[in-house]
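Labels below follow one simple rule: chain letters A, B, ... track the order of the sequence lines, proteins then strands, and each chain is numbered from 1. Please read all numbers here as calculations on a predicted model, not as lab measurements.
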Amino acid sequence: MADPMRIRAQAQGDKALVRVLMSHEMETGQRKDAAGKVIPAWHITEVAAALNGKPVLAAEWGPAVAKNPFLQFTLKGAKAGDKVAITWKDNHGDTRTDEATIS
Amino acid sequence: GLGRWADADAATAGESLYDVPRFGNVSLLHMTDCHAQLLPVYFREPSVNLGIGSMSGQPPHLVGEALLKAANVPRGSAPAYALTYLDFEAAARRFGKVGGFAHLATLVQRLKATRPGALLLDGGDTWQGSATALWTKGQDMVDAAKLLGVDVMTGHWEFTLGMDRVKEVVDKDFAGKVDFIAQNVKTADFGDPVFPPYVIRQINGVPTAIIGQAFPYTPIANPRYFVADWTFGIQEDNLQKMVDEVRGKGAQAVVLLSHNGMDVDLKLASRVRGIDAILGGHTHDGMPVASIVRNAGGQTVVTNAGSNGKFLGVLDLDVRGGKVQDFRYKLLPVLSDLLPADAPMQALIDRVRAPYAAKLAEQLAVTEGTLYRRGNFNGTGDQLILDALMDVQGAEIAFSPGFRWGTSLLAGQPITREWLMDMTATTYSFATVTQMTGENLKTVLEDVCDNLFNADPYYQQGGDMVRVGGMQYTCDPRAAMGSRIRDMRLGGKPIEASRVYKVAGWAPVAEEARTAQGAKPVWDVVETWLQARGGKVTARQPNVPKLVGVLPNPGVAA
Amino acid sequence: PTLARASWTKSAFDARSIADAVKAYGAGAAPAESKDVTLTAPDIAENGAVVPMGVATTLPNVKHLLLLVEKNPSALVAKFDVSDAVEANFLTRAKMGQSSDVYAVAITADGKALFAKKEVKVTLGGCGG
Ligand SMILES: [Mn+2]
Ligand SMILES: [Mn+2]
């Protein structure tokens, strides 16, 4: 099981700035190990966000997103106390969801 | 001739030089890039400081006569000695050493006496550049800066002491005394500010904002592992935000204390609105005349105050009706013979040096020629290091980083351990020997050359070209990245792309090099070589590339 | 949130060129430069393994926002879907193997692709004043 995400969600007027740090190797599939064998790709492929349970964002990522990925976006019509949930899925089929309350 | 100072005695010359009439109501004293030189030194200015594209022939890319002409300074005068390489040996013997914190302290006190409320700003590169700064982890400089009365500071080489040490000094030693500011240093995770971005001080009733700009390319020019949890960058958008914020808070004068380097400052000044003046450093340009840059918000004055404690910039602002109406700028050379040492500062310097004095004073050889570093391509001091690295380690080729710090020695002076450390003291000065293909050699030279000669200053890092020993090459600074370096030769024969060469170097930025087996400090290697000279080192002939496409040039000595 | 309706567009991430990657998301015409698309990226990368980059636009009817690195083995870094609930403004961090142009592309509902680009330098480093 991957480590939890770190999520910061801050209300700014009638918007909320959401910043997420995920924990993932994001192995490119381009690197070789000491024995010269290609290290297989292992990376997040899809990311989604929801505001109070309602889907607001979907994204597709490739192996070029940096290790322990960062994502920033701004929610419209969000206020303190609202719940933001982030989900990612990787090419192994692993998935993780974390939630934060807008402050 | 020696101009109008030729017959003046030292005291009279000093009074004339340092008698700067007060102007306006807000004064800022600016020192930068002293590189931990507590004592007076010799420092030869560059004879090559090329500007490319729109920067060609513009300040700061003027050397020698071209610079004197732009500044209206007569050749042979004390200011000419400070500003240029011209007649260096003779002028150095006539006018003496430059800088030294005890002498600088006297000058700061004199100026503060005539300018009530004046702030002393330190642009950084203060805690690195000497043996004592390295061995005390910058503590000697931290204490000296506090005694000198530095009010506000930003940084660059400070960060090579590591994040913990910087935080320790800022949170403990500097607490309540010196404000360490940087709008462009953020945490690598969520981008939180690491330091306050600015301070607002009342100067004679005028709210004056000082915004800090640390060296944007610290994690690139120096090992990233020292600042692993922080990010830098120019951060123009955030800077504009900070300017607007301090204006919103009522600041009537806004000054950027910058370690961008002068070309970057000039470009930045054309794009960011609302900065009255940029007091700049990093590129070590002692610019006697302020540059004025027009922008959408009006104009911005841009200055650069040299290095090694050699200069003090004095910016006087006339602030009336809520805004800066006019200014005067003066770059004062710190000539130690003309400024008596301040006793408390001298006592502090003597105290911090005492445990190391004998070790520092040890004579390794006498130099028969002038030794200096500055210049875009090479200097005699770096040539000495290159020769030592190749000889001692049996390498065909050597690289020495294009640092702009490092002091000068006159012909006949002893080479002491202290000078060797002044030329090499960093927290990562490991000597390296690597096997490189001809292709690798070219890649490295092209990469560094682009950092120096990219036509867009935002792509420059503000160092000089890597110094090259053993190998000859031709350089076309105007060419595009990847095609500036041509005709690389070793012993007359063309470098072969696929052949492997043994290359010596030092101060690697890669993390692996830090832990490489048997990595010796570079000063050990050079000392071995100096000890084998039998007491004297003959004059060094700097190996420099053949330049094409840029000569003649006011940035190159004729 | 559900990932049920999302799917990973392999052809977009396999594409070698900017044009091919953009095509995989339904852009008909060749991408055109536009001042209404904003790319945020550093001039010089502090660390080629972690290069901050962002895409934003003020254009109406934008369906997708893309970040691409021309000289990466596969150009596409990330694709974000724009909805009424989020601003058309996303930031992430990417890997870059070498100096390259970085592209921010907006794809509209009617299949137009508009871009901003910038050179990001990845350097060996060293030296300094
Ligand atoms: Mn510097
Ligand atoms: Mn410096």
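- Of the atoms belonging to A:Leu17, not a single heavy atom falls under 4.5 Å from chain C.
- With a 4.5 Å cut-off on non-hydrogen atoms, C:Ser74 does not touch chain A at all.
- A donor-acceptor pair shorter than 3.5 Å can be found between the side chains of A:Asp90 and A:His24.
- Contact count versus chain C (heavy atoms, under 4.5 Å) is highest, among A:Ala78, A:Gly62, A:Gly77, A:Pro63, for A:Gly62.
- Counting heavy-atom neighbours within 6.0 Å of A:Lys76 NZ, excluding the residue itself, gives a total above 12.
- Between the side chains of A:Trp42 and A:His92, a donor-acceptor pair is found at a separation under 3.5 Å.
- With a 4.5 angstrom heavy-atom cutoff, A:Lys15 touches chain C only via side-chain atoms.
- With a 4.5 Å cut-off on non-hydrogen atoms, A:Glu60 touches chain C through its backbone and its side chain both.
- Ring pair A:Phe73/C:Phe90 is tilted by interplanar angle, where 30° to 60° counts as tilted.
- No part of A:Leu51 comes within reach of chain C, as not one of its non-hydrogen atoms sits under 4.5 angstrom from that chain.
- Between A:Glu99 and A:Lys83, none of the side-chain N atoms (NZ, or NE/NH1/NH2) sits under 4.0 Å from a carboxylate O, so this pair counts as no salt bridge.
- For a residue to count as touching a neighbouring chain, one of its non-hydrogen atoms must lie under 4.5 Å from one of that chain's; by this rule C:Asn47 does not touch chain A.
- Of the residues considered (C:Leu91, C:Asn72, C:Thr92), C:Leu91 shows the highest number of contacts with chain A, using heavy-atom pairs under 4.5 Å.
- Ring orientation note: the planes of C:His64 and C:Tyr25 are tilted relative to one another, at an angle of 30° to 60°.
- Ring geometry for C:Trp8 against A:His43 counts as tilted: the plane angle lies between 30° and 60°, on a 0 to 90° scale.
- With a 4.5 angstrom heavy-atom cutoff, C:Phe13 touches chain A only via side-chain atoms.
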